[in-house]
> 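Provided herewith is a single structure, encoded as structure tokens, for subsequent inquiry.
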2 protein chains.
Amino acid sequence: MDVPSQILSSATRLFARRGYDGTSLSAIAESVGIRKASLLYHFPSKEDLRRAVLDQLIQHWNEVLPRLLGAVTSGRGRFEALTRELVAFFQADSDRARLLVRELMDRPEEMRARLAQGVRPWVDLLSDYVRRGQEGGEILPDVDAEAYVVHVITLTVCGIAALPVVTALMPEGTSRTSIEARHVDELLRIAAASLFSTADTVEAR
Amino acid sequence: MDVPSQILSSATRLFARRGYDGTSLSAIAESVGIRKASLLYHFPSKEDLRRAVLDQLIQHWNEVLPRLLGAVTSGRGRFEALTRELVAFFQADSDRARLLVRELMDRPEEMRARLAQGVRPWVDLLSDYVRRGQEGGEILPDVDAEAYVVHVITLTVCGIAALPVVTALMPEGTSRTSIEARHVDELLRIAAASLFSTADTVEAR
DNA sequence: CCTACCGATCGGTAGG
DNA sequence: CCTACCGATCGGTAGG
């Protein structure tokens, strides 16, 4: 892997775990194995590096999401598959979820603009599917389409970012399934049970 | 209001909005109208101030929560009232939600210990109500009690902390109800619809 | 990609 | 509760 990519990777991990203000350029440089001044050759300022990290995350998202959404054109169980993929995307690298949450808190206005531009179209698309499902009767009539989609995304991102902490609120797993798996399963169940009009969502588990 | 309380209040607001690392002691002192050295007379270190801020938030929580839980002894609509109160608690001062989210990200191990000690008992209590409701049949049999309760808390805290940002994902309100109110209503609907076995939760809206 | 260095700001202390 | 001051560290630059 070339140096700029190594820098981006280290910066993502450190920004996610210690925050932007809590991460010094020296710390990032050290984890790459170069000097701070060398890092500043590749990224002219800390602010530039932050933007590059966020750009890369959103770009990754925009490459993966269309593929997932292709599967949702037909209704029903596809919706649950989509939610499961969304969860899997953030679970595969939970630093993504943590970084997103931090940016939400640190720079709300910038994130508003980024979401309105990059995520809003996907929310609108999914909301339309929801409304079509409401006309067909498979989806509960009192679902607020946009608000529902936004809540599922919020719960996924925050649920995974907070997972290492909230497991302290749950009892030790007596069964074979881990506490993390139970948590994710219940997230999927909540998303499905509050969307579909009939309760036969059990088939998908 | 005496000086220490003013310091706590300013620190809460600034820690919530700019983060711990992003807030200098001078900035807190300035917003109170004193010098940094004077602030350090009341709180011997920045770390002491941080702990005091968090203690105060948790203490406030522990004073308000028992009163809310008193109302939940009998089942059903009370559960929805409790969720509504939980949302109202954080909505009344969204800095509380933001501070909590930040601490979750910044100091996961400390928060694990704090939650296990201070919040876990409430989660257990509510989980027992859920299980009793499952035996009675009013609550869906496939609800994972602890995971459900944790998700509702997560969604409430994160949903409110992120509210100013995620409204960018929703269309302008054409109806009389504001976009924020729609968002909160849908949160309550999701919590109810994924808990109760019959769909007559509409009465509560 | 490095060494050497800059001014600014940080949390914290001395002493009153 | 203040003025004055401390060493450490920050992001960033010069110059090679």
Side-chain angles (χ1 to χ4, degrees), chain A residues 1-57 95 98-99 102-103 105-111 114, chain B residues 1-57 95 98-99 102-103 105-111 114:
Chain A
M1 195 160 59
D2 61 340
V3 173
S5 303
Q6 281 182 274
I7 294 172
L8 276 177
S9 160
S10 287
T12 302
R13 208 183 70 253
L14 289 169
F15 285 163
R17 301 190 182 189
R18 307 180 194 172
Y20 180 77
D21 289 324
T23 304
S24 68
L25 292 179
S26 315
I28 299 168
E30 190 188 357
S31 99
V32 174
I34 59 175
R35 297 287 179 182
K36 182 181 61 171
S38 315
L39 188 157
L40 286 163
Y41 165 76
H42 297 285
F43 298 91
S45 76
K46 193 184 182 183
E47 170 66 16
D48 281 288
L49 178 55
R50 184 188 67 78
R51 257 196 300 266
V53 163
L54 204 52
D55 284 342
Q56 188 196 237
L57 186 144
D95 282 339
R98 278 189 274 268
L99 192 78
R102 285 190 182 279
E103 287 294 319
M105 308 301 297
D106 287 347
R107 272 161 287 273
E109 281 141 56
E110 182 186 333
M111 285 305 277
R114 275 191 185 261
Chain B
M1 196 161 58
D2 61 340
V3 172
S5 303
Q6 280 181 275
I7 294 172
L8 276 176
S9 159
S10 287
T12 301
R13 208 184 69 252
L14 289 169
F15 285 163
R17 300 190 182 188
R18 307 181 194 172
Y20 180 77
D21 288 324
T23 304
S24 68
L25 292 178
S26 315
I28 300 168
E30 191 188 356
S31 100
V32 174
I34 60 176
R35 297 287 178 183
K36 181 182 59 169
S38 316
L39 189 157
L40 285 163
Y41 165 77
H42 297 285
F43 299 91
S45 77
K46 193 184 183 183
E47 170 66 16
D48 281 287
L49 178 55
R50 184 189 66 79
R51 257 196 300 266
V53 163
L54 203 52
D55 284 341
Q56 188 196 238
L57 185 143
D95 283 339
R98 277 189 273 268
L99 192 78
R102 285 189 182 278
E103 288 293 320
M105 309 301 296
D106 286 347
R107 271 161 288 272
E109 280 140 57
E110 182 187 333
M111 284 304 277
R114 276 191 185 262

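A, B, ... follow the sequence lines: proteins, then strands. Residue 1 opens every chain.
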> Salt-bridged, Asp55(A) to Arg114(A), with N to O below 4.0 Å?
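Salt bridge: yes.
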> Whole angstrom is fine here: how far is it from CD in Glu30(A) over to P in dT9(D)?
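After rounding, the gap between these two atoms is 12 Å.
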> To the nearest Å, give me how far apart OH (Tyr20(B)) and P (dC10(C)) are.
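Spelled out: OH on Tyr20(B) to P on dC10(C) is 13 Å.
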> Of Ala37(A) and Ser26(A), whose closest DNA chain D nucleotide lies nearer the 5' terminus?
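With Ser26(A) and Ala37(A) compared, the 5'-side residue is Ser26(A).
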> Start with the C-alpha distance between Arg102(B) and Asp95(B), add both sets of side-chain angles, then the distance that settles salt bridge (Lys or Arg N to Asp or Glu O under 4.0 Å), and finish with yes or no.
CA-CA 10 Å; Arg102(B) 285 189 182 278; Asp95(B) 283 339; over 6 Å; no
> Using whole Å, report how far CG of Asp48(A) lies from C1' of dG12(D).
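From Asp48(A) CG to dG12(D) C1': 12 Å.
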> When you get a sec, tell me which of dG12(C), dT3(D), dC1(D) is the closest nucleotide to the side chain of Leu25(B)?
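So the side chain of Leu25(B) is nearest to dG12(C).
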> Nearest of dC1(C), dG12(D), dC1(D) to any side-chain atom of Lys46(A)?
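Shortest atom-to-atom distance from the side chain points to dG12(D).
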> Taking only the side-chain nitrogens and oxygens of Ser24(A), find out if one of them lies under 4.0 Å from OP1 or OP2 of dC10(D).
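Affirmative; the distance criterion is met.
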> Whole-Å distance between dC1(D) C1' and Tyr41(B) OH?
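So the OH-C1' distance, Tyr41(B) to dC1(D), works out to 9 Å.
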> Return the nearest nucleotide to the side chain of Lys36(A); candidates are dG12(C), dG11(D), dC1(C).
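For the Lys36(A) side chain, the nearest candidate turns out to be dG11(D).
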> Name the pairing partner of dG15(D), where a pair is Watson-Crick or G-U wobble with both distances under 3.5 Å, or state none.
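Its partner is dC2(C).
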> Restricting to non-hydrogen atoms, name the atom on Val53(A) and the atom on Ala11(A) that form the minimum distance, rounded to 0.1 Å.
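That would be CG2-CB, 3.8 Å.
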> Rounded to whole angstroms, how far apart are CD1 on Ile28(B) and P on dG12(C)?
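Spelled out: CD1 on Ile28(B) to P on dG12(C) is 11 Å.
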> Find the distance Asp2(B):CG to dC1(D):C1' and express it as a whole number of Å.
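Taking CG of Asp2(B) and C1' of dC1(D), I get 14 Å after rounding.
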> Measure from the side-chain heavy atoms of Leu40(A) and tell me the nearest of dT13(D), dC1(D), dC10(C).
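Nearest nucleotide to the side chain: dT13(D).
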> Whole angstrom is fine here: how far is it from CD1 in Ile34(B) over to P in dT3(D)?
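Going from Ile34(B) (CD1) to dT3(D) (P), I get 12 Å.
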> Taking the nucleotide of DNA chain C with the closest heavy atom to each, which residue, His42(A) or Pro44(B), is nearer the 5' end?
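Its nearest nucleotide being more 5', the pick is His42(A).
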> For Leu57(B) versus Leu99(B), what's the shortest heavy-atom pair and its separation?
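For Leu57(B) versus Leu99(B), the nearest heavy atoms are CD1-CD2, 3.8 Å.
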> Please assess Asp21(A) against Lys46(A) for the test salt bridge (Lys or Arg N to Asp or Glu O under 4.0 Å), listing each intermediate value before the final yes or no.
CA-CA 10 Å; Asp21(A) 289 324; Lys46(A) 193 184 182 183; 5.1 Å; no
> Expressed as a whole number of angstroms, how long is the span from Arg35(B):CZ to dA14(C):C1'?
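Taking atom C1' of dA14(C) as the reference, CZ of Arg35(B) is at 17 Å.
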